Amino acid sequence: MTSPASPSPTTHVLQTALVGNPNCGKTSLFNQLTGSRQKVANYAGVTVERKEGFFSTPQGRPIRVLDLPGAYSLASTSPDEDVTRDVCLGQHRTEKRPELLISVISATNLRLHLRFLLELRQLEVPVIVALNMMDEAKRNGMTIDIAGLEQELGMPIVPVISLNRQGVQPLLEALDRPLPPPPKALAPNADLHAEVRRLLQAYVTDRSAGHARLVDRLDRWFLHPVWGPVILLVVLFVMFQTVFAWAQPLMDALGSGITMLGEFILRPLPDGVLRSLLADGVIAGAGTVIVFLPQILVLFLWILALEESGYLPRAAFLLDRVMALAGLSGRSFIPLLSSFACAIPGIMAARTIQNPRDRLVTILIAPLMTCSARLPVYTLLIGAFIPHKTVLGIFGIQGLVLFGLYALAIVSGIIAARIMTRGVKSEEHPLLLELPPYRRPNLKSLALGLWQRAVMFLSRVGTIIVSLNVLLWGLSSFPLPPAGATGAAIDYSLAGRIGHLMLPIFAPIGFNWQICVSLIPGLAAREVAVSALATVYALGVSEDAASAKLLPLLSSQWSIATALSLLAWYVYAPQCISTLAVMRRETRSMKVVLGATAYLFGLAYVAAFIVYHVARAVTGDA
Ligand SMILES: Nc1nc2c(ncn2[C@@H]2O[C@H](COP(=O)(O)OP(=O)(O)OP(=O)(O)O)[C@@H](O)[C@H]2O)c(=O)[nH]1
Ligand SMILES: [Mg+2]
């Protein structure tokens, strides 16, 4: 990654690294300095890898800065903290030891953060202290004698607010001054806790009691043994209801827009291969997936707001007992929760788990958590087969079914983890989780986060989805049917034949050959199954494909048992190459990847089989 100020090769580039406790604002500071947009959220353990960036000071000094995972001390206990320790001690495989450490500490949590700062003194590397979150400190009525503390610690301290560029200006100016000398190391047997207490007493006046009371009052509700879980359930429930309710009008508008655009593009084209490629391959494929953008954005609006609010670690704390049912600890909660956005960051977040067994099991069940790529498949099938009605006046049945699919995945994950951890005794250690302050989500960063998601989704549609779909279109259009053939052309194509060949395996779970065809490109990425179905069905019908809507087609051609079976398949099937690749990278074991693939496909098949046959018995379908 390069920032606007990539240095010229001849000048010396100062090597620096941001070091500090988790959640003190290192990545926020990194983003302000370098203009990048790395992930920031209000809980410990967001950054799990080092990230590099470049910038220059107001006087033009070129600087390379590393954003490091948060650590509580240099005695690392998990794979993410290893990176920080190795870089600081100069033991990292590829990173040289930084010439300057920028120690980030939060003014609102000095008791914890000063301890790590004191530990850095033994490194004998120059340190500049970025005293972050000065806005909150001021709001809470804290006063800090910066000059006094600076003198005592022997390191320059600059107050910063990492929420905007202006707030980090003091640090930029400090970086223009000559490097400070390395601070003097403390005596090897010094009591760091006692030292921190002394420093706080001498230099900090904390009047944030009122603020602390507010946090306590909120925690009394959110962490309450009965109300806590009730609130969590209500939050999740409302979230899934709104995914349907808020997004629907936008999806309808987007759908009509795409149909109009398609007609506009296709009108001048004569019948033939080009028209079919555009209509059945590109427009039917990309169009059917793009309409899901509003739903994905509503889901992410919730996720981003929850991440920033400080609520997530509280939910993890509440669910510690539920996680114990799975043989795991609350530590696995955030990696698993991240997997609801996408399993890839979820699997990477498992680096924050110290216990290797818990880490592996978390990685293995992360793909079961319902990632956002499943949403198009779920919504399409729910839209086609589940009536758009409400029960008890307010709960949409469609939202309920969606909630049910998420719940099924969670319950399955717990059972799978339970089985995997059976017989292997976990070292019992109590859950130690840092509860961050509550914070009102910042509208600008929410908007920015949503924008990034939208760009990511659309570029996925524009690249992987369209290209796979064009490939599928080719396979479904050629070879052309023999002269005088009567059936649909796709029956004679390569894809049609492959679909028919696969049928004996999938017929017992109610899949038809069209679904079989869509499963193949759907192996690369889940949403592709939707665009692939659109193409296969568009090519199979005689009227103009752009007007052939997938939803009514499915509801008229599939039985509800088939639809439910496919939904069950999608709860489990590991249809995402990138997830498997990240699993391989994080566990460094092909055996784990193959095992995970086998167990997930096995589960998918069994679940689809049961659902199909039960649904047929219930609906009286022949
Ligand atoms: N009010 C306020 N909030 C801040 C400031 N700097 C960061 N934050 C918030 O603090 C939280 C943590 O920020 P991050 O930048 O993700 O922290 P980090 O140190 O990189 O955390 P890890 O990667 O988990 O170690 C987020 O909610 C930020 O929005 C600040 O100066 N003022
Ligand atoms: Mg970070």
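Because the structure is a prediction, the values reported are computed rather than measured. In what follows, residues are counted from 1 in the order of the sequence shown. Atoms within each ligand, like the ligands themselves, are counted from 1 in listed order.
Ionic pairing of Arg121 and Glu195 is not present here: no N-O contact between side-chain nitrogen and carboxylate oxygen is shorter than 4.0 angstrom. Comment: Arg213 does not engage Asp216 in a salt bridge, judged by the lack of any side-chain N to carboxylate O separation of less than 4.0 angstrom.
Side-chain contact between Ser332 and Ile353: present, with at least one pair of heavy atoms (C-beta onward) separated by less than 4.5 Å. Residues Arg314 and Tyr438 are in side-chain contact: their nearest non-hydrogen atoms beyond the backbone lie under 4.5 Å apart.
Looking at residues two or more places apart in sequence or on another chain, you find a ring-ring contact (aromatic ring centres under 6.0 Å, His included) between Tyr311 and Phe222. Scanning for ring-ring contact (aromatic ring centres under 6.0 Å, His included) contacts around Phe340 gives Tyr406, with sequence neighbours left out.
Within the sub-2.8 Å shell of the Mg ion (ligand 2), the protein contributes these N/O/S atoms: Thr27 OG1, Thr47 OG1.
Looking only at atom types and distance, the side chain of Ser589 has no donor-acceptor partner in the side chain of Thr587 under 3.5 Å away.
Side-chain N or O atoms of Glu308 include none that pairs as donor or acceptor with a backbone N or O of Asn442 at under 3.5 Å.
Residue-level contacts of ligand 1 at the 4.0 Å heavy-atom threshold are Pro22, Asn23, Cys24, Gly25, Lys26, Thr27, Ser28, Val40, Ala41, Asn42, Tyr43, Ala44, Gly45, Val46, Thr47, Gly70, Asn132, Met133, Asp135, Glu136, Ile161, Ser162, Leu163, Glu308, Arg439.
Taking both residues in full, the closest heavy atoms of Val168 and Val160 are given as CA-CG1, 4.1 Å, listed atom of the first, atom of the second, then distance.
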